[in-house]
Number of protein chains: 2
Amino acid sequence: MTSEHDLTEFHTPLFSVNNVLFTMLQDSLKVLLVKRTSAPFKGRWELPGECVDIELDDNTDMSALRNIKALTAATPQFFEQLQAFSGINRDPRGFSVSLVYYALISPQCIAVKPSAVEEVKWMDLSAIQDLAIAFDHKQIIATARSQLQQKALYSMIPVYCLADQFTIGQLKAAIEAIIAKPIQRKSLIRRVEASGMLEALDEKVKSGGRLAQLYRLKSDTETVYFERSLSFG
Amino acid sequence: MTSEHDLTEFHTPLFSVNNVLFTMLQDSLKVLLVKRTSAPFKGRWELPGECVDIELDDNTDMSALRNIKALTAATPQFFEQLQAFSGINRDPRGFSVSLVYYALISPQCIAVKPSAVEEVKWMDLSAIQDLAIAFDHKQIIATARSQLQQKALYSMIPVYCLADQFTIGQLKAAIEAIIAKPIQRKSLIRRVEASGMLEALDEKVKSGGRLAQLYRLKSDTETVYFERSLSFG
DNA sequence: TGTATTTGTGTCTTAGTGACACTATTAACT
DNA sequence: AGTTAATAGTGTCACTAAGACACAAATACA
């Protein structure tokens with residue numbers, strides 16, 4: 001309470017960092033949420049995040065990454081600033097600014113550390129609609145998802161939310177989960193070849209029909225962006 | 001000095017908002033800069049910006065727009081959050097976060113208000129290379145320009161840095177100034193038609209050869225994004 | 001052996017850009 | 001008045017990557 005009052009005195013906004021972590025689990029797109037243990041919104045789910053620690057962090061990227069490492073014990077394969085959300089009404093404690101990052105992480109890395117006292121959960125994106133989420137975090141998730149959708153249409157970014165070995169079918173499922181539309185399998189295969197980002201392994205796996213070729217990311221490969229977006233069909 | 005100390009005590013970063021304002025003037029792309037009147041970097045050029053005023057602003061967008069209105073007496077036609085820049089070394093006064101917006105504005109609106117004591121100038125982008133700019137603002141300008149370049153390749157956004165009446169040739173020049181590559185006139189015309197954003201006026205203007213058709217933005221039109229990026233030729 | 005199912009290929013169509021020749025219209029110059 | 005340079009605008013073929021979809025290949029299971 002006192003600190004709140006003091007901050008207002010300096011006319012500086014409350015500043016924090018939040019993360020929207022995506023992964024592909026059980027054939028659906030998930031977001032990592034934690035349960036609040038204090039007011040406001042005590043007991044509600046929210047996005048993980050924390051305040052910037054001027055002593056520990058050189059910049060806000062480090063703050064966000066520190067938060068992710070504390071949750072999953074792994075560095076995300078894709079990590080990018082989304083945008084800042086701000087306003088006088090989004091947090092009852094006063095004018096607040098939340099700098100939000102979003103990231104894609106392999107489902108293998110989900111050793112969601114139970115070290116913290118908090119409850120942590122990979123939440124299905126479709127389940128979030130009907131869930132009470134703290135602050136404006138539902139809106140933030142929607143924005144992050146929208147950004148991810150755009151990128152999925154003209155880049156290979158969706159590979160980063162898969163396990164390190166995967167089939168074209170799994171990649172297709174991930175893309176379709178992200179953009180919520182079906183895509184042409186053929187178009188995806190063309191892109192996989194054109195990107196040169198993946199290499200086929202000497203291994204195939206069962207998939208209900210013909211065995212499926214396994215792929216993995218080539219080492220030291222950069223994300224490829226295409227000049228054309230996929231459409232829907 | 002005291003306030004600096006107090007802020008450190010609360011471990012909260014210095015927070016401010018900055019604007020990268022672009023316009024097309026004298027056939028070249030310009031950025032609005034102001035001259036610093038106090039330490040640090042006194043006398044150097046910097047991006048316009050200011051601190052969030054919790055009393056005046058509902059959110060950071062309003063802070064940025066308030067800053068723009070104070071400088072140009074006009075609302076920009078395109079205005080968007082770029083990203084936050086942060087770090088312990090970018091401002092000698094301590095850990096700082098700058099939330100940067102970028103905007104495109106018509107050169108007609110350049111009634112750069114001399115009301116403020118500051119010196120204000122539209123600086124040619126090519127001149128910025130060899131100029132001493134305060135803080136990391138040169139880097140910020142480069143990032144904003146890069147973002148603008150991307151968008152220029154797949155949208156009609158460059159129209160927003162032109163006067164309200166313009167020719168295809170002027171639009172072509174603006175795009176080429178933004179992306180620093182020549183484009184095909186024919187491709188541009190095809191996009192102008194496909195977008196449906198512009199309407200031809202009953203007027204033509206001199207241009208050194210055949211008279212050029214004047215266009216303007218249709219009212220109530222939304223920015224069109226294409227599925228394909230332009231390449232270079 | 002036959003059928004359902006999924007993987008993967010072949011190929012025609014479609015859409016939008018690149019390239020570039022060609023026409024149109026104006027000013028300036030002789 | 002005629003010629004030329006310059007810019008505006010059109011016509012059209014080539015190229016590329018995506019959409020659509022038929023079809024072949026491989027596996028499980030009845």
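Of the residues in residues 186-205 of chain A, those placing a heavy atom less than 4.0 Å from an atom of DNA chain C are A:Lys186, A:Ile189, A:Arg190, in numerical order.
Between A:Gly208 and A:Ile168, the residue whose closest nucleotide on DNA chain C is further toward the 5' end is A:Gly208. Both B:Ala212 and B:Arg228 lie near DNA chain D, and the one whose nearest nucleotide falls closer to the 5' end is B:Ala212. Each of A:Phe226 and B:Leu211 lies near DNA chain D, and the nucleotide nearest B:Leu211 is the one positioned closer to the 5' end.
At distances below 3.5 Å, at least one donor-acceptor pair connects side-chain atoms of B:Arg145 with backbone N or O atoms of B:Ile178.
Every residue was checked against the salt bridge (charged side-chain N to carboxylate O under 4.0 Å, His left out) condition with B:Lys218, not counting sequence neighbours, and none meets it. Shown here are the ring pair (Phe, Tyr, Trp, His ring centres under 6.0 Å) partners of B:Phe22, two or more places apart in sequence or in another chain: there are none. Under the side chain to side chain donor-acceptor pair (under 3.5 Å) criterion, A:Asp58 pairs with no residue at all, not counting sequence neighbours.
Taking only side-chain nitrogens and oxygens, A:Ser207 never comes nearer than 4.0 Å to OP1 or OP2 of C:dT6. Applying the 4.0 Å criterion to OP1 and OP2 of C:dG18, one finds that B:Ser231 has a side-chain N or O inside that range. Contact annotation: A:Gln184 side-chain N/O to D:dA20 OP1/OP2 distance is under 4.0 Å.
Applying the side-chain hydrogen bond (donor to acceptor under 3.5 Å, both in side chains) test to pairs two or more places apart or on separate chains, those with a residue in residues 77-87 of chain A are A:Glu80-A:Tyr102, A:Glu80-A:Lys151, A:Ser86-B:Thr60. Residue pairs meeting the ring-ring contact (aromatic ring centres under 6.0 Å, His included) criterion with at least one partner in residues 199-227 of chain B, sequence neighbours excluded, do not occur; the list is empty.
Around atom CZ of A:Arg216, no more than 12 heavy atoms belonging to other residues, nucleotides or ligands sit under 6.0 Å away.
Rounded to whole angstrom, the span from the CD atom of A:Gln213 across to the P atom of C:dT6 amounts to 19 Å. The interatomic distance linking B:Lys172 (NZ) with D:dA6 (P) rounds to 15 Å, in whole Å. When the P atom of D:dG19 is taken as reference, atom NZ of A:Lys181 falls 13 Å away, rounded to whole Å. Put simply, CD on B:Glu227 is 10 Å from P on C:dT17, counting in whole angstrom units. Taking atom CZ of residue A:Arg185 and atom C1' of nucleotide C:dT5, one finds them 12 Å apart after rounding to whole Å.
Between the side chain of B:Arg210 and the base of C:dT26, no donor-acceptor pair of N or O atoms lies under 3.5 Å.
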